[in-house]
Visitor: 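Below: one structure in structure tokens.
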2 protein chains.
Amino acid sequence: MYRIGELAKLCEVKTDTLRFYEKHGLLSPLMRTESGYRMYTEEDAERLRFILRAKAVGFTLAEIAELLSIDLDKSNWACADVKGMVDIKLAQVSAKIAELNHFQVSLKRLSDACCGGPESAEHCSILEALESNSAEVKRENHTHQHQNNPNKASCKRKG
Amino acid sequence: MYRIGELAKLCEVKTDTLRFYEKHGLLSPLMRTESGYRMYTEEDAERLRFILRAKAVGFTLAEIAELLSIDLDKSNWACADVKGMVDIKLAQVSAKIAELNHFQVSLKRLSDACCGGPESAEHCSILEALESNSAEVKRENHTHQHQNNPNKASCKRKG
DNA sequence: CTTGACCTTAGATTTAACTCTAAGGTTTAT
DNA sequence: ATAAACCTTAGAGTTAAATCTAAGGTCAAG
Ligand SMILES: [Zn+2]
Ligand SMILES: [Zn+2]
Ligand SMILES: [Zn+2]
Ligand SMILES: [Zn+2]
């Protein structure tokens, strides 16, 4: 039996999180002490680990609640149901990855085009790209305009 | 000159969004009509496009506000500043991708291990994996337990 | 018998970027 | 002159998952 702080420490979450999970129907300790302290059993701890594992593969708490209720009533559910949830999540995750990959490619293109030097950003190709509609990013070259101050170090590519 | 609805349509955003951007200091039309209608200039439209392009590479509105202020005062900023913002964002995006890739791999492993059939989930390897701590997911095989009902179609791998 | 670490509750706050509501004024077309 | 389509404002609601606050009760040690 664990008090809330003990279980929290054991599973590396905050006590707030455990109360939050309880409020949202994910994990309710069966017992309370006379004085009202929550007492979690090993079974509760296992349920918490289920929740954390499901979180670790990307499920939301609402989805985890569904998985938990399926898990408690397995015989009334099919593999198809469970795999369906996983596959939907997989599609969502893949879609998000695709979006972020797009960001990544664009950002990389912007980063690569900019010298990153100490010169004025007046001719920075990143800003130019954001200002204009063109798909390609003009690359700054060695003779680009912001090398016009000979007192400053010349604007060389980093790394 | 555009009224708010015209600019919204032109750039495929909601009027709400334009008011929201104004409230947050990203885009304020210089003019109003006598009756208080916002009138956006072509310059405002360009600024909106800047915002949308920056959004399209993953910047938050707060970061876009910063980029806009840099853009209006380029000579007081260096390429290093601009590239720095891009590189920070790139790192964030890459970190998020890494997390999602982890989700994706885990989900794929779960999905692959489950037959996805109409049989009871009593021996579903997905649920088993979430219940237990083991890193590897046990794969359901052709003779797995939930094929014990001969009245139902056997639990075959989908696709 | 008091200090400090723990526990309780209800409810507010956080983050991001909208999105919606209510109540009303303006423009344009018929 | 009236209806439709537009515009205004302030402010509340949405989503997700906590995280924090305030005000107080409990427990073990010294
Ligand atoms: Zn440069
Ligand atoms: Zn640059
Ligand atoms: Zn199966
Ligand atoms: Zn299965």
Side-chain angles (χ1 to χ4, degrees), chain A residues 1-40 44 48 50-68 88-89 92-93 95-96 99-100 103, chain B residues 1-40 44 48 50-68 88-89 92-93 95-96 99-100 103:
Chain A
M1 300 285 264
Y2 312 100
R3 285 197 304 185
I4 193 169
E6 292 168 341
L7 180 58
K9 194 161 293 177
L10 186 63
C11 292
E12 300 176 278
V13 298
K14 298 244 171 103
T15 57
D16 277 341
T17 302
L18 295 179
R19 292 195 197 95
F20 177 81
Y21 287 174
E22 181 171 343
K23 186 158 58 175
H24 288 74
L26 284 125
L27 179 67
S28 301
L30 303 170
M31 299 189 44
R32 294 281 183 123
T33 63
E34 283 176 18
S35 53
Y37 285 20
R38 290 168 179 81
M39 292 305 292
Y40 294 90
D44 292 324
L48 176 56
F50 184 109
I51 292 168
L52 297 178
R53 276 178 217 117
K55 259 181 71 68
V57 301
F59 284 109
T60 65
L61 297 187
E63 291 158 350
I64 293 170
E66 206 176 336
L67 285 170
L68 283 165
I88 285 169
K89 178 55 55 180
Q92 290 168 357
V93 167
K96 190 72 188 171
E99 185 192 9
L100 291 177
F103 288 172
Chain B
M1 300 286 263
Y2 311 99
R3 285 198 303 184
I4 193 170
E6 293 168 339
L7 179 59
K9 193 162 291 176
L10 185 64
C11 291
E12 298 176 280
V13 298
K14 299 243 172 101
T15 56
D16 277 340
T17 302
L18 295 180
R19 291 194 199 94
F20 177 82
Y21 286 173
E22 181 170 342
K23 186 157 57 174
H24 288 73
L26 285 125
L27 179 67
S28 301
L30 304 169
M31 297 190 48
R32 296 281 184 123
T33 64
E34 282 176 20
S35 54
Y37 284 21
R38 291 168 179 80
M39 293 304 291
Y40 294 89
D44 293 323
L48 176 55
F50 184 109
I51 293 167
L52 297 177
R53 277 178 216 118
K55 259 179 72 70
V57 301
F59 284 109
T60 66
L61 297 188
E63 292 158 348
I64 293 170
E66 206 176 336
L67 285 170
L68 283 166
I88 285 170
K89 178 55 57 181
Q92 289 168 356
V93 166
K96 190 74 187 169
E99 184 191 11
L100 291 177
F103 289 172

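In this text the structure is predicted, and so the values were computed from the model without any measurement. Below, read A as the first sequence line, B as the second, and so on, with proteins coming before strands; counting in each chain starts at 1. Atom set for the values below is all heavy atoms of this structure, side chains included, hydrogens, waters and symmetry mates excluded.
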Visitor: I need the CZ-P distance between B/Phe20 and C/dA16, as an integer number of Å.
Guide: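 Value for this atom pair: 10 Å.
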
Visitor: To the nearest angstrom, how far is B/Lys96 atom NZ from C/dA16 atom P?
Guide: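 So the two atoms are 13 Å apart, to the nearest Å.
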
Visitor: Let me know, please, whether B/Thr33 or A/Arg32 comes out on the 5' side of the other along DNA chain C by nearest nucleotide.
Guide: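 Upstream on the strand: A/Arg32.
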
Visitor: The side chain of B/Ser35 lies closest to which of these nucleotides: C/dT27, C/dC20, C/dA17?
Guide: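 For the B/Ser35 side chain, the nearest candidate turns out to be C/dT27.
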
Visitor: What is the distance, to the nearest angstrom, from the CG atom on B/Leu48 to the P atom on C/dC18?
Guide: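 Between P of C/dC18 and CG of B/Leu48: 11 Å.
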
Visitor: Starting at CD of A/Glu22 and ending at P of C/dA10, how long is that distance when rounded to a whole Å?
Guide: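 A/Glu22 atom CD is separated from C/dA10 atom P by 10 Å.
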
Visitor: Does the pair A/Lys96 and A/Glu99 meet the rule for a salt bridge (Lys or Arg N to Asp or Glu O under 4.0 Å), with working shown?
Guide: CA-CA 5 Å; A/Lys96 190 72 188 171; A/Glu99 185 192 9; 3.2 Å; yes

Visitor: Between B/Phe20 and B/Leu61, is the side chain to side chain contact (heavy atoms under 4.5 Å, CB included) condition met? List the steps.
Guide: CA-CA 11 Å; B/Phe20 177 82; B/Leu61 297 188; 3.4 Å; yes

Visitor: Closest-nucleotide mapping onto DNA chain D: is A/His24 or B/Arg3 further toward the 5' terminus? I mean the 5' end.
Guide: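 Looking at DNA chain D, the more 5' nearest nucleotide goes with B/Arg3.
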
Visitor: Ignoring the backbone of B/Thr17, work out which of C/dT27, C/dC7, C/dT19 is nearest its side chain.
Guide: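 So the side chain of B/Thr17 is nearest to C/dT19.
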
Visitor: Rounded to whole angstroms, how far apart are OH on B/Tyr37 and C1' on C/dG25?
Guide: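 That distance rounds to 7 Å.
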
Visitor: Using salt bridge (Lys or Arg N to Asp or Glu O under 4.0 Å) as the criterion, list what pairs up with B/Glu63, not counting sequence neighbours.
Guide: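 Residues passing salt bridge (Lys or Arg N to Asp or Glu O under 4.0 Å) with B/Glu63: B/Lys89.
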
Visitor: What nucleotide among C/dC7, C/dT19, C/dA17 has an atom nearest to a side-chain atom of A/Ile4?
Guide: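 Shortest atom-to-atom distance from the side chain points to C/dC7.
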
Visitor: Could you state the atom-to-atom distance from OH of A/Tyr40 to P of C/dC6 in whole Å?
Guide: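 In whole Å, C/dC6 P and A/Tyr40 OH are 16 Å from each other.
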
Visitor: Could you tell me if the side chain of B/Leu18 sits less than 4.5 Å from the side chain of B/Tyr40, heavy atoms only?
Guide: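 Yes - at least one pair of side-chain heavy atoms lies under 4.5 Å apart.
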
Visitor: Heavy atoms only: give me the nearest B/Leu26-B/Ala65 pair and the separation to one decimal.
Guide: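 The pair with the smallest heavy-atom distance is CD2-N, 3.9 Å.
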
Visitor: Distance under 4.0 Å to a non-hydrogen atom of chain B counts as contact; along DNA chain D, which nucleotides mark the start and end?
Guide: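 Contacts span D/dC6 to D/dT9, reading 5' to 3'.
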
Visitor: Using heavy atoms to find the nearest nucleotide of DNA chain C for B/Glu34 and B/Ala62 separately, return the residue whose nucleotide is more 5′.
Guide: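 Comparing both residues, the 5'-ward one is B/Ala62.
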
Visitor: For B/Leu18 and C/dC18, give me the distance from atom CG to atom C1', rounded to whole Å.
Guide: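 Computing the B/Leu18:CG to C/dC18:C1' distance gives 12 Å.
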
Visitor: CE of A/Met39 versus P of C/dC6: gap in Å, rounded?
Guide: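 So the CE-P distance, A/Met39 to C/dC6, works out to 15 Å.
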
Visitor: Hey, does A/Lys9 reach any base, or is it just sugar-phosphate, or nothing, if we go heavy atoms under 4.0 Å?
Guide: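 Nothing: the residue A/Lys9, judged by heavy atoms under 4.0 Å, touches no strand.
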
Visitor: Does C/dC18 have its OP1 or OP2 closer than 4.0 Å to a side-chain nitrogen or oxygen of B/Tyr21?
Guide: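 Indeed, a polar side-chain atom of B/Tyr21 lies that close.
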
Visitor: Does any non-hydrogen side-chain atom of A/Arg38 lie less than 4.5 Å from one of A/Arg32?
Guide: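 Counting from C-beta outward, A/Arg32 and A/Arg38 do come under 4.5 Å.
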
Visitor: Report which part of the nucleic acid B/Arg19 touches: base, sugar-phosphate, or nothing (heavy-atom distance under 4.0 Å, all strands).
Guide: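 Contact class for B/Arg19: base.
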
Visitor: Nearest heavy-atom pair of A/Asp44 and A/Met39: which atoms, and what distance?
Guide: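 Closest pair (atom of A/Asp44, atom of A/Met39, distance): OD2-O, 4.1 Å.
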
